[in-house]
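Working notes, structure below.
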Amino acid sequence: MEIANLPISASQRSKLLSAGYATLSSLSSLSPSHLARDLNIELQEALEILKVVSDAADRSKSTDGHHQALKGVQTAWDMLSEEQMQQHITTGCEDLDHILRGGIHCGEVTEVGGVPGIGKTQLGIQLAVNVQIPVEYGGHGGQAVYIDTEGSFMVERAHQIAEGCINGILDNFTDHDRKILACQEWMQPNSFLSNIFYFRICSYTEQIAVTNYLEKFLKEHKDDFDDLACRTRILSGMSLKLMKLAKTNNLAVVLLNQVTTKYTEGSFHLTLALGDSWSHSCTNRIILYWNANERYAYIDKSPSLPSASAPYSVTSKGIRNSTSHCKRVRMM
Amino acid sequence: MLTRFRVEGEGERSSMAENDDLGIERTASIQNPTKPSSSIGARVRATHDDDEDEVRVSLRPVLPHSSSDLIHQEAARALSVMDSFHQPWLTGVELLDDANRNKHVLPTGLEGIDVLLGGGLREGQLIEIAGPSSSGKTQPLQMQVCLHSASCIADKGSVMFLDTCNSFSPNRIACMVNQFSGPLFKEAKERRLERIMSSILCQPIYDIFELLDTLHQLESTLKHTVKTGGYKICLLIIDSISSLIAPILGGKSPQGRLLMVSAGIVLKKLAHEFNLAVLVTNHMVGGEGGIIKPALGESWKNIPHVRLVVSRDQQSNVFTATVLKHTMRASGRTAKFVIHN
């Protein structure tokens, strides 16, 4: 194994190569203080490098040949039964849940994009509330992390949506039961709010984070980019990390994206932001759009679902099925 | 391949004697070129380190009594030890024999593509399929081609699917497998589905170092399998390799390109040595004049043996494949194929 294939930083690699260490064996019996002196780096850094080297050496020696040695491998047959047990988070709108076959999938990254005012933030807040529906009522009893790069998260609206969700659950019970349940602590809107962990991103880049409005986030760091190629690299690196996070922790990762205009074949049309390369990076994509004064959601990309559209509406209680009342307000 | 030949003096020989596990000691004499009448004898020790292709040779002076015949003999023996550390030279006839006997053609099940490829995916080759994300309805077309090939080929041998996009859908594969089954009773269909799905192995991979590690492990596993005669992988799919390489390519350092080329070399070596077909997918990016082209740049173009671009005809179920590069056939040819839901 060569030094070039080790997961260490570029500067460490170049220091190793210029000091003459090109293979694993040349580093295998070296003491950390000797390495630190040779490369002119801190002892801690030398220890880290040698740890990476010894891990790599261990891995290449430890394979004793049977195929179970490949970690993380599953047969498609095993995955088939797992996929059928995959968890979903309901969106609040039955039609939308129907085309998604249950809701937003846990363990996958889903991108939701659309024009301003279509309800992306509303959908985000609704999902953050719906994930907390207790298991007894068909939910997950989970928590949500909301990363806001635009400052568009309104706490009062979240409270309103939580109330709407709770009332929706209580509607299924008789008056008597309802009174008892309504007193339970976890059925209060405030406790729902306490399970939403809110991050406002202003100035730092997080390696492991669920990101809201990636484009806005990146615009605030525009100074770091000298070219679009750099932006593409960062985006694709981020999407790999999000996918890994989603898969290993069985999280649903939801990304909200803006639209931008694109000029092709002599005309302008709307398309999701962040470019063609980004469009490959997400596992699922849902596009929100207007159709004759109604809001629609369209499944644009999914490994297992066919493309389909469903109408939805944004009400004071949150995201619900489309009805005749909830049309776009006409500006006079 | 022999990469290094280091000669050490007597002082270091003692420390080497402690480390070596496979030492072959030979006696040889080396003629001093400036004084042919006298000769300096030397002990040649060749050791083999399992991880490195390196042969350490140490010289120690011995009494000058060896003849030049002995020199040649011992030198030849040392060289044969070194020869065993790299692949032997093969003649064209042996290569052709290997191609006919070991490098089978695996049909993808998509008629147009199989015609373009001369039967299907050929073992021993690295095949790239590039396609834009907008084609193919909800699933990228290049990914559907991979799933189709997997379901078709898993009937004959095992398929290893390295998934970098969380896009491997067992349900979709089950649909495709059932399409091929033809008229069978329900139980037989179930059994067939289980058998085929159990020979498709899937592993998620999220960065290039993980990929190189996995390929390294796969190599050891396959070497072991060859000896014990276990199950046989005949197709390795990486969907998509561009998503692993995109984060590291470009920028100031050439590290990204180095890792990309390393990955290509490892994949082609695996393909040839273990008779695998390797299928990788790529996405498209905008080029000059608004024409889209496969991602990963100029350096990548030379790495696969065969390159195809796929696209969709309007909104239909019919797709077109174009050959960009092929080892045995002309490029530029196109064919249409259909993927059913």
Side-chain angles (χ1 to χ4, degrees), chain A residues 1-2 4-7 10 13-14 23-25 56-57 59-61 63-67 69-80 82-84 107-109 229-230 232-234 236-237 239-241 243-244 246-247 264 276-277 279-281 283 299-307, chain B residues 49 51-52 54 132-133 137-140 164-174 194 197-204 206-207 209 212-214 216-218 220-221 223-225 228 230-231 240 242-244 246-251 253 255 258-259 262 283-286 290 292 295 341:
Chain A
M1 254 263 260
E2 300 295 325
N5 291 346
L6 288 177
R13 192 178 301 112
S14 56
T23 61
L24 282 190
S25 62
R59 271 199 303 274
S60 50
K61 283 200 179 80
T63 51
D64 48 5
H66 47 89
H67 69 269
L70 290 167
K71 298 191 201 71
V73 167
Q74 284 182 297
T75 65
W77 182 251
D78 295 332
M79 289 174 75
L80 188 63
E82 260 180 34
E83 201 187 29
Q84 282 154 4
E108 289 181 8
V109 177
C230 184
T232 307
R233 283 199 297 284
I234 292 191
S236 40
S239 86
L240 282 175
K241 292 194 173 80
M243 278 199 280
K244 183 173 187 175
K247 191 94 177 195
T264 52
D276 286 329
S277 298
S279 64
H280 291 275
S281 304
T283 312
I299 300 182
D300 186 54
K301 182 177 177 187
S302 161
S304 51
L305 301 168
S307 58
Chain B
D49 187 341
D51 282 331
E52 308 292 334
E54 179 179 299
S133 69
K137 298 187 192 169
T138 53
Q139 293 132 36
T164 74
C165 322
N166 279 354
S167 59
F168 182 80
S169 166
N171 267 315
R172 193 88 179 90
I173 292 226
E194 183 175 351
M197 296 276 278
S198 303
S199 33
I200 302 180
L201 305 163
C202 179
Q203 177 166 6
Y206 298 109
D207 68 67
F209 299 108
L212 292 170
D213 250 350
T214 304
H216 195 68
Q217 276 181 42
L218 187 61
S220 321
T221 306
K223 264 193 198 135
H224 186 85
T225 309
T228 61
Y231 76 111
S240 75
S242 51
S243 68
L244 291 183
I248 52 172
L249 204 57
S253 90
Q255 180 62 18
L258 191 155
L259 287 168
S262 299
H283 64 277
M284 307 286 271
V285 290
I292 53 173
N341 275 342

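Every chain is numbered from 1, with letters handed out A, B, ... down the list of sequences.
Proximity to chain A (any heavy atom under 4.5 Å) is shown, for B:Ile173, by neither the backbone nor the side chain. Looking at B:Ser243, both its backbone and its side chain come within 4.5 Å of chain A, counting heavy atoms on both sides. Looking at B:Ala174, the atoms closer than 4.5 Å to chain A (heavy atoms on both sides) all sit in the side chain, from C-beta outward. For a residue to count as touching a neighbouring chain, one of its non-hydrogen atoms must lie under 4.5 Å from one of that chain's; by this rule B:Tyr206 touches chain A with backbone and side chain alike. For B:Ile248, the part sitting under 4.5 Å from any heavy atom of chain A is the backbone (N, CA, C, O) and nothing else. In this structure, the portions of B:Glu194 lying under 4.5 Å from any heavy atom of chain A include both its backbone and its side chain.
B:Thr164 and A:Leu240 get closest at one heavy-atom pair: O-CD2, 3.7 Å. B:Gln203 and A:Val73 get closest at one heavy-atom pair: OE1-CG2, 3.1 Å. Listed here is the closest heavy atom pair of B:Cys202 and A:Met79: CB-SD, 3.6 Å. Considering every non-hydrogen atom in both B:Asn166 and A:Met243, the closest pair reads ND2-O, 3.4 Å. The heavy-atom pair separating A:Pro303 from B:Ser169 by the smallest distance is O-CB, 3.5 Å.
One distance of note links NE2 of A:His280 with OG of B:Ser240; it measures 8.0 Å at 0.5 Å rounding. Taken from NZ in A:Lys244 to CG in B:Asp207, the straight-line distance is 6.0 Å, to the nearest 0.5 Å. Annotation: the span from A:Ser279 atom OG to B:His283 atom NE2 amounts to 8.0 Å, rounded to 0.5 Å.
In terms of modelled atom types and a separation under 3.5 Å, the side chain of A:Thr283 and the main chain of B:Cys165 share a donor-acceptor contact.
A heavy-atom distance below 4.5 Å is found between the side chains of A:Leu80 and B:Asn171.
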